[in-house]
Every structure is written in C-alpha cells, then in structure tokens.
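These notes are about the structure you will find just below.
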Amino acid sequence: EALPGSHMIVSCTTRPPRDYEVDGVDYHFISGEEFAEKVLANDMLEATCFNDWFYGTMASDLIDGWNIGVFNPEGWESLNQMKSPDLHVYGFYVSAKDKTRLLRQLNREENPDVHEIIRRFKADEEDFANLAELPPLYWLVNEDEDDLQDIVCEVIAWAQEHN
C-alpha cells in the first residue's frame, strides 16, 4: 500500500503466467470464458486484446479510496470514456530513462528472456508514441530513478490537493 486508503489494482489477463509472475499479485490469470463473463456482466472498466490475449481491469477489484493502476494508452483512453459520478480518473505518465527501464526489466527474473524484453521494450515505444492524442495526462519525469512507490505517493498527494 503506497498510502493509507490506497490500493494497487491487479489487472486480469487470459495469457499464461511467466515464470516469475504470481496469480493475484502480478495479474489475475483467468480463462477466456471467465474474461468474457466479466465483460458481459459489466465488471470490466476497460478491456483490450493484445497478441491474442485479453487484458482488463475489474470494477470489483476497486476499493473505496485511491485505486492505482498501470495502463497502456488504449486502457487509459477507455477509462477516460467512462461516465460515472463515483469514479474520478487521473492519468499520469511517468517517464524514465531507457537504461533504467531496461535494467528493471532485466533484473525482474533470474534468467530473463532478453529477446522478449527487447520486443516488449520496442512495443512500448510504439504504443506510447502518440501520447499527445490521448485524454490529458500529467507528466512525471523519473530522472533520479526513484522507487515506484515514491512516485505513487507523489501522484496521490497531487490528486488529494486537486480533488
């Protein structure tokens, strides 16, 4: 928990877990049928398909208070289109040096698949290339290689001031 009353959202996916991933911590790993049921029951705040796998955020995973999630541009745009008086959405883009991003990805696993990490790194560059076309985002630059929890605390402090 970054701050009292805050909660890190755990997204759902239909893809199998990677060796280092833990169900309920990194993702909720569910079947395609379960995912479809959640979409039909309006339990998905946002959902997307990437590389033939589905990803989404369950409304039932939210708590009262601050819910913090990591989204790709498509997920952010989808969340912004929601019209709910009970849901206030703030978007922050945290930029980090390429070296920092690569080192974090490489250091997550004992024996990382370097080719997969490079593929994901390049895919992120493409996915995030057109941020100016998205709904407004607040920019945070992580030049000092701060811990992600410190950045989350900054975001929550900002949102509390502006709410």
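Listed by first and then second residue, the ring-ring contact (aromatic ring centres under 6.0 Å, His included) pairs that reach into residues 109-128 are Y93-F128, sequence neighbours excluded.
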Begin with the C-alpha distance, continue with both residues' side-chain angles, and end with the deciding distance and a verdict on side chain to side chain contact (heavy atoms under 4.5 Å, CB included) for I9 and I68.
-> CA-CA 6 Å; I9 297 169; I68 302 157; 5.9 Å; no
Go through the steps to decide whether V10 and V25 satisfy the test side chain to side chain contact (heavy atoms under 4.5 Å, CB included), and finish with yes or no.
-> CA-CA 7 Å; V10 178; V25 175; over 6 Å; no
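Using a 4.5 Å heavy-atom cutoff, the side chains of H7 and W66 are not in contact. The closest side-chain heavy-atom distance from C12 to M44 is below 4.5 Å.
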Cut-off 3.5 Å, no hydrogens considered: what does the side-chain donor-acceptor table look like for residues 14-23, sequence neighbours left out?
residue: T14; atom: OG1; partner: F54; partner atom: N; Å: 2.8
residue: R15; atom: NE; partner: Y55; partner atom: OH; Å: 3.0
residue: R15; atom: NH1; partner: E21; partner atom: OE1; Å: 2.8
residue: R15; atom: NH2; partner: E21; partner atom: OE1; Å: 3.3
residue: R15; atom: NH2; partner: E21; partner atom: OE2; Å: 2.9
residue: E21; atom: OE1; partner: R18; partner atom: N; Å: 2.7
residue: D23; atom: OD1; partner: F29; partner atom: N; Å: 2.8

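D52 is linked by a salt bridge (Lys or Arg N to Asp or Glu O under 4.0 Å) to nothing, counting only residues two or more places apart in sequence or in another chain. The side chain to side chain contact (heavy atoms under 4.5 Å, CB included) test applied to A59 returns D43, L45, not counting sequence neighbours. Residues satisfying the salt bridge (Lys or Arg N to Asp or Glu O under 4.0 Å) criterion with R120, sequence neighbours excluded, are E116. In this structure, D61 has no side-chain hydrogen bond (donor to acceptor under 3.5 Å, both in side chains) partners at least two apart in sequence or on a different chain. Residues satisfying the side-chain hydrogen bond (donor to acceptor under 3.5 Å, both in side chains) criterion with E37, sequence neighbours excluded, are absent altogether. Residues satisfying the side-chain hydrogen bond (donor to acceptor under 3.5 Å, both in side chains) test with S78, not counting sequence neighbours, are none. Residues meeting the side-chain hydrogen bond (donor to acceptor under 3.5 Å, both in side chains) test with Q105, sequence neighbours left out: none.
A donor-acceptor pair is defined here as one N or O able to donate and one able to accept, closer than 3.5 Å; such a pair exists between the side chain of N72 and the backbone of E74. No donor-acceptor distance shorter than 3.5 angstrom exists from the side chain of E126 to the backbone of A123, with no hydrogens or angles considered.
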